Amino acid sequence: MYTISTEDFDLDYTLDCGQVFRWDKDGDWWTGVVNNAVARISQNPKTGELLVDSSLDEDFFYQYFRLDDDLPAIFEQINKDEHMDIAINKYRGLRLIRQEPWECLISYMLATASNIPRIKKNISMLSAMFGEKLEDDLYSFPKAEDLASTCCDDLCECKMGFRTARIIKAANAVVTEDIVLDELFQLDYHDAKKELMSLEGIGEKVADCIVLFAFDKMEGFPVDTHVEKIVRTYYGDDPFFEGKATKTKIGNWGRHYFGKYCGYAQQYLFYQKRLEGLV
DNA sequence: TGGCAA
DNA sequence: GCCAG
């Protein structure tokens with residue numbers, strides 16, 4: 001058990017925001033599986049200090065929770081109007097999470113035409129069937145090899161529907177090194193995205209999520225149906241969009257309007273809508 | 001634009 | 001959401 005002191009970090013907002021799917025809260029404690037290990041974390045609401053029970057060390061969580069991000073500097077960049085000002089002040093301490101690339105890739109392929117409870121269920125079934133047992137009911141996320149070598153029927157039990165075949169193909173692409181995930185860190189936002197979109201089942205939105213959440217490309221601005229509604233409501237179809245605001249147009253607008261940290265802007269808008277709906 | 005699977 | 005049509 002050890003502590004991590006934090007500033008501008010809210011554990012509840014960050015783990016609840018819908019970016020990650022393997023954490024659950026029980027009382028004051030969040031329990032999750034990350035990096036092949038179990039972690040239990042709580043936060044002192046007065047001091048912001050984290051209490052951590054895990055074999056993973058302080059440095060791991062510093063990276064994972066992006067405590068290296070200078071939040072005030074990021075706010076200064078993205079605080080372009082009243083809407084964003086309200087969101088960042090209300091949910092201050094919400095941070096992006098730096099996810100493991102492979103797990104992030106599969107998680108967001110599963111997110112296609114799905115919802116958070118179902119994605120969580122899919123991932124926990126996948127882990128229970130193909131991962132390593134860490135504790136009772138807690139399993140590591142399966143490796144690419146584990147998913148690539150399994151037969152389709154077994155995977156079908158995880159209720160992923162049409163996503164199953166895509167997951168197997170992606171696992172194979174990783175195993176055969178058709179795609180080398182670590183190399184995407186070297187590429188810029190657009191090239192990393194293009195590379196991911198060569199996989200079946202990864203389009204614009206999913207690729208944006210993966211480069212933003214796993215590859216440190218904070219220009220990622222994923223536009224799902226929620227963000228589409230938010231932007232239409234707050235910023236209108238005109239004059240920004242010269243006609244109907246399509247998802248593609250909204251994405252380009254968001255990157256331009258909020259600048260190089262627009263991924264954070266998206267996260268705050270998204271979380272606000274999740275908690276409050278459209279106001 | 002509708003089918004995907006549930 | 002992605003993709004084939």
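Just so we're on the same page: letters track the sequence lines, and every chain starts at 1. Quick caveat: nothing in here was measured; it's all calculated off a predicted structure.
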Subject >> Nearest-Å distance for atom pair CZ/P, residues A:F162 and C:dG1 >> reply: 11 Å
Subject >> Atom-pair distance (CD1 on A:I210; P on C:dC2), nearest Å >> reply: 10 Å
**OP:** Round to the nearest Å and state the distance from A:E157 atom CD to B:dA6 atom P.
**Re:** 12 Å
Subject >> Protein-nucleotide distance (A:M160, atom CE; B:dA6, atom P), rounded to Å >> reply: 10 Å
Original post:
In whole angstrom, what separates A:N122's CG from B:dC4's P?
Top reply: 18 Å
Original post:
Touch check for A:T164, heavy atoms < 4.0 angstrom, all strands: base, sugar-phosphate only, or nothing?
Top reply: nothing
**OP:** For residues A:Y189 and A:F221, report the shortest heavy-atom separation together with the two atoms involved.
**Re:** OH-N, 4.4 Å
**OP:** Take atom CD of A:E200 and atom P of C:dC3, then tell me their distance rounded to the nearest Å.
**Re:** 7 Å
Original post:
Looking only at side chains, do A:Q267 and A:Q19 share a donor and an acceptor under 3.5 Å apart?
Top reply: yes
Original post:
Is it the case that more than 12 heavy atoms not belonging to A:Q63 sit under 6.0 Å from its CD atom?
Top reply: yes
Original post:
Is a salt bridge present between A:R95 and A:D69, judged by a nitrogen-to-oxygen distance below 4.0 Å?
Top reply: no
Original post:
Contact class for A:L110 (heavy atom, under 4.0 Å): base, sugar-phosphate, or nothing?
Top reply: nothing
Original post:
For A:R163 and B:dC4, what is the distance between atoms CZ and C1' respectively, to the nearest whole Å?
Top reply: 8 Å
**OP:** Nearest whole angstrom, please: distance from the P of C:dC2 to the CE of A:M197.
**Re:** 8 Å
